Q: 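First, the structure itself, so that you have it in front of you.
All values below come from the heavy atoms of this structure, side chains included, with hydrogens, waters and symmetry mates left out. Computed from a prediction, not measured in an experiment: that's the story for all the values here. Quick note on labels: first sequence line is chain A, next is B, and so on, each numbered from 1.
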Number of protein chains: 2
Amino acid sequence: MANIREIAKLAGVSVATVSRVLNDYPYVKEEKRKAVWEAVEKLNYTKNINAVHLAKGRTYIVGVMLPYVNHPYFSAIVEGISEEALRCGYHLLLFQTNYDVQKELEALEMLRMKQVDGLIICSRTINWETLEMYKEDGPIVLCEDAKNDDVLSVYIDHYEAFLLGMNYLIGKGHRKIGYCIGRTTGINSQNRHAAYSDALRKIDETPREDWIFDHCLDIDDGKRVVNALCSMKERPTALLVSSDQVAAGIVLWGQSKGLNAPDDLALVSFDNHPISEALSITTIDLPLLLMGQRAFQMVHNCLITGTMAGQAEKLPVRLVERRSV
Amino acid sequence: MANIREIAKLAGVSVATVSRVLNDYPYVKEEKRKAVWEAVEKLNYTKNINAVHLAKGRTYIVGVMLPYVNHPYFSAIVEGISEEALRCGYHLLLFQTNYDVQKELEALEMLRMKQVDGLIICSRTINWETLEMYKEDGPIVLCEDAKNDDVLSVYIDHYEAFLLGMNYLIGKGHRKIGYCIGRTTGINSQNRHAAYSDALRKIDETPREDWIFDHCLDIDDGKRVVNALCSMKERPTALLVSSDQVAAGIVLWGQSKGLNAPDDLALVSFDNHPISEALSITTIDLPLLLMGQRAFQMVHNCLITGTMAGQAEKLPVRLVERRSV
DNA sequence: TATTGCATTGAAACGCATTTCATAAATTAT
DNA sequence: ATAATTTATGAAATGCGTTTCAATGCAATA
């Protein structure tokens with residue numbers, strides 16, 4: 001593979017001039033410019049981008065840390081990030097973690113090693129203190145409530161969103177309410193649990209452990225929830241479900257068990273994925289695409305301005321009334 | 001940021017020795033090893049990975065070219081790739097193309113520039129000849145039928161799969177059959193159309209243009225198809241649908257229009273996504289996760305053995321009978 | 001004791017593009 | 001016509017880790 005020095009020699013100019021031509025800088029005579037392009041053509045030259053990265057100290061790559069990709073929640077965020085990245089000439093490096101702290105650390109190390117110019121964290125397990133150790137290494141944007149102003153974040157206030165759902169159900173007369181969630185750890189989940197408890201406390205009800213369904217991510221999990229509900233002596237009259245996918249599973253598997261929404265079980269879920277519309281599920285719209293877009297914009301903004309002032313942006317949610325309540 | 005030379009100076013050894021320690025090579029006295037680690041600690045040293053990439057001529061990154069990520073079909077493939085990549089210590093760089101040739105070329109250029117060690121193409125628009133120009137630059141694996149032995153591919157024989165679906169419907173007595181597809185260009189789509197035509201010809205039916213629904217990707221598109229069907233004087237009795245998502249949309253939106261499966265419209269779709277089970281849709285299982293895994297393994301195999309012998313691996317499909325026919 | 005061989009270690013070359021600094025030539029301004 | 005700019009161009013430094021090659025030291029075999 002030819003390098004820039006060979007081009008310089010063949011074109012009869014210096015490497016600096018070749019670099020100028022290649023990067024479209026002014027102050028190069030037209031004839032030399034032509035000579036360089038001809039040499040490039042003749043030797044079939046292509047830049048070694050790793051040398052460029054080394055010299056520039058930049059890669060124009062942003063890392064995306066997430067537990068997994070094949071879930072609508074995360075792929076929607078990634079789509080948003082990707083859209084913006086594309087527009088700005090950046091690429092995305094995926095760090096799939098499965099919530100493994102070791103893998104999360106690896107992603108952070110990659111920021112330090114300059115593999116990526118910035119990092120977007122869609123979800124995490126790693127603690128706050130560890131995260132802070134990498135603040136100097138490049139912009140990090142969290143897609144969750146940072147509760148902390150010295151880091152960048154774009155987030156959905158899941159306390160508020162859950163409260164919105166709870167109050168809606170309570171307003172419809174429900175008092176025996178449970179919920180489904182992807183995992184119980186994680187800041188989003190904790191916020192949601194707090195909203196759940198607080199809302200119940202207001203109507204003098206106590207949270208019931210057995211009405212909280214963990215590990216609910218996909219349609220299949222709805223089946224599990226339906227089965228569990230069917231074998232309960234006392235069951236909730238309503239569920240708040242953290243994902244439309246799970247709610248869809250509950251609706252569909254519920255039908256086959258004679259557990260119909262909204263009469264036997266009212267449902268309010270989250271995302272406003274097309275599936276919720278098709279199934280007439282009342283849902284709380286989450287601007288996931290927008291969250292991804294804003295996250296990238298924040299990283300990008302830091303990169304071009306050089307400032308890293310912490311800022312947190314809360315995105316609005318909206319209840320979409322349909323027929324599952 | 002400290003570099004390897006400063007570490008060497010502080011530890012009182014040569015840079016070669018530092019490199020040996022850092023990379024865990026033998027033949028370094030224990031005391032020097034310790035001195036190096038201490039210097040690393042003291043100066044808070046981290047490798048600049050771009051220098052490593054430049055020196056090694058490898059990045060341990062594999063590129064993934066796809067039109068978009070937020071569709072279950074592609075996110076399943078990416079999940080498979082990612083799983084294997086993780087196991088082998090590789091990372092994934094996303095090239096989202098939206099089927100734009102310019103963007104596809106960019107991904108290929110990144111292979112040439114050594115940004116990535118290999119490339120997996122999930123779907124493409126770019127033509128065969130262009131693709132071949134990058135063969136020398138590193139392993140490229142196609143996730144579609146290459147019909148050509150001098151490139152690597154893992155694929156689902158969509159001709160065969162579509163034929164399987166068609167014959168199943170025909171066996172059930174259907175003769176007026178249409179189909180839904182994501183796009184009409186693309187090799188997979190062409191194969192499917194060929195199977196459709198061939199199957200109809202066998203029973204002396206002619207393909208009907210207005211029973212072929214293009215741009216069908218998501219649940220929403222099912223709505224469009226239902227609306228179109230409802231306003232037809234003569235409508236098909238069965239549809240082959242290239243994605244479970246679309247089939248789900250057709251089933252659900254069909255219900256609200258009094259168009260019920262299987263009586264008013266029989267459906268056979270593809271993927272065997274959980275949603276098809278929940279809706280009892282007869283589907284043809286596509287091993288997407290496996291396809292992703294095998295694709296990565298092929299790239300990886302080329303990288304470690306250095307051989308690039310073209311090979312094509314066909315993955316099996318399987319009809320899952322349920323109640324939409 | 002002479003010799004083969006492994007353990008250790010460092011100097012220097014290598015991968016390659018970007019960028020700064022100094023210089024020279026060509027214009028424009030005074 | 002002279003000073004002040006602007007245009008053009010190359011040498012050399014810079015970013016930084018890996019790897020090869022030669023050399024030295026020390027132990028084991030002949």
Q: Taking the side chain of A/S19 as its heavy atoms from C-beta onward, which of C/dT8, C/dT18, D/dG10 lies nearest to it?
A: C/dT18
Q: Without decimals, in angstroms, what is the distance between B/I49 CD1 and C/dG15 C1'?
A: 16 Å
Q: So what does B/V18 hit on the nucleic acid, given a heavy-atom distance under 4.0 Å: a base, only sugar-phosphate, or nothing?
A: nothing
Q: Between atom OH in B/Y27 and atom P in D/dT19, what is the gap in whole Å?
A: 16 Å
Q: Between B/D117 and B/Y60, is there a donor-acceptor pair closer than 3.5 Å when you use the side chain of the first and the backbone of the second?
A: yes
Q: So which nucleotide from C/dA11, C/dC21, C/dG15 ends up closest to the side chain of B/A55?
A: C/dG15
Q: Could you check whether B/E6 pairs with B/K9 (Lys NZ or Arg NE/NH1/NH2 to Asp/Glu carboxylate O, under 4.0 Å)?
A: no
Q: To the side chain of A/N23, which of D/dT7, D/dC16, C/dT18 is closest?
A: C/dT18
Q: Of the listed nucleotides (D/dA12, D/dG10, D/dA8), which one gets closest to any side-chain atom of A/K29?
A: D/dA8
Q: Once you apply a heavy-atom cut-off of 4.0 Å, does B/N50 come out as touching a base, just sugar-phosphate, or nothing?
A: nothing
Q: Establish, from distance only, whether the side-chain atoms of B/Y99 and B/E104 form a donor-acceptor pair under 3.5 Å.
A: no
Q: If you check the A/V15 side chain, which of D/dA12, D/dG17, C/dC16 turns out closest?
A: D/dA12
Q: Once you round it to whole Å, what is the distance between P of D/dT18 and OH of B/Y60?
A: 11 Å
Q: Using atom types as modelled and distance alone, determine if a side-chain donor or acceptor of B/N50 lies under 3.5 Å from a backbone N or O of A/N50.
A: no
Q: Between atom CG in B/L54 and atom C1' in C/dC14, what is the gap in whole Å?
A: 9 Å
Q: Judged by each residue's nearest nucleotide on DNA chain D, which is more toward the 5′ side, B/A51 or A/V28?
A: A/V28
Q: Is there a side-chain polar atom (N or O) of B/Y25 under 4.0 Å from OP1 or OP2 of D/dT19?
A: yes
Q: Tell me which of B/P26 and A/A16 sits closer to the 5' end of DNA chain C, going by the nucleotide each one is nearest to.
A: B/P26
Q: Taking the six-membered ring for Trp, are A/F74 and A/H71 parallel (under 30°), tilted (30 to 60°) or perpendicular (over 60°)?
A: perpendicular
Q: Take the protein atom CD of B/E6 and the nucleotide atom P of D/dG15, then report the distance between them rounded to whole Å.
A: 9 Å
Q: Go through C/dA17, C/dT9, C/dC21 for me and flag the one nearest to the B/K32 side chain.
A: C/dT9
Q: In whole angstrom, give the distance that lies between atom CZ of A/R5 and atom P of C/dC14.
A: 11 Å
Q: Quickly work out the A/I4 CD1 to C/dT19 P distance and round it to whole Å.
A: 11 Å
Q: Using the side-chain heavy atoms of A/Y45, tell me which of these nucleotides is nearest: D/dG17, C/dA17, D/dT9.
A: C/dA17
Q: Tell me the interatomic distance from B/E31, atom CD, to C/dT9, atom P, rounded to whole angstroms.
A: 7 Å
Q: Report yes if a side-chain nitrogen or oxygen of B/K47 is closer than 4.0 Å to either non-bridging phosphate oxygen (OP1 or OP2) of D/dT18; otherwise report no.
A: yes
Q: Under 3.5 Å, side chain of B/R58 to main-chain N/O of B/L303, donor-acceptor pair present?
A: yes
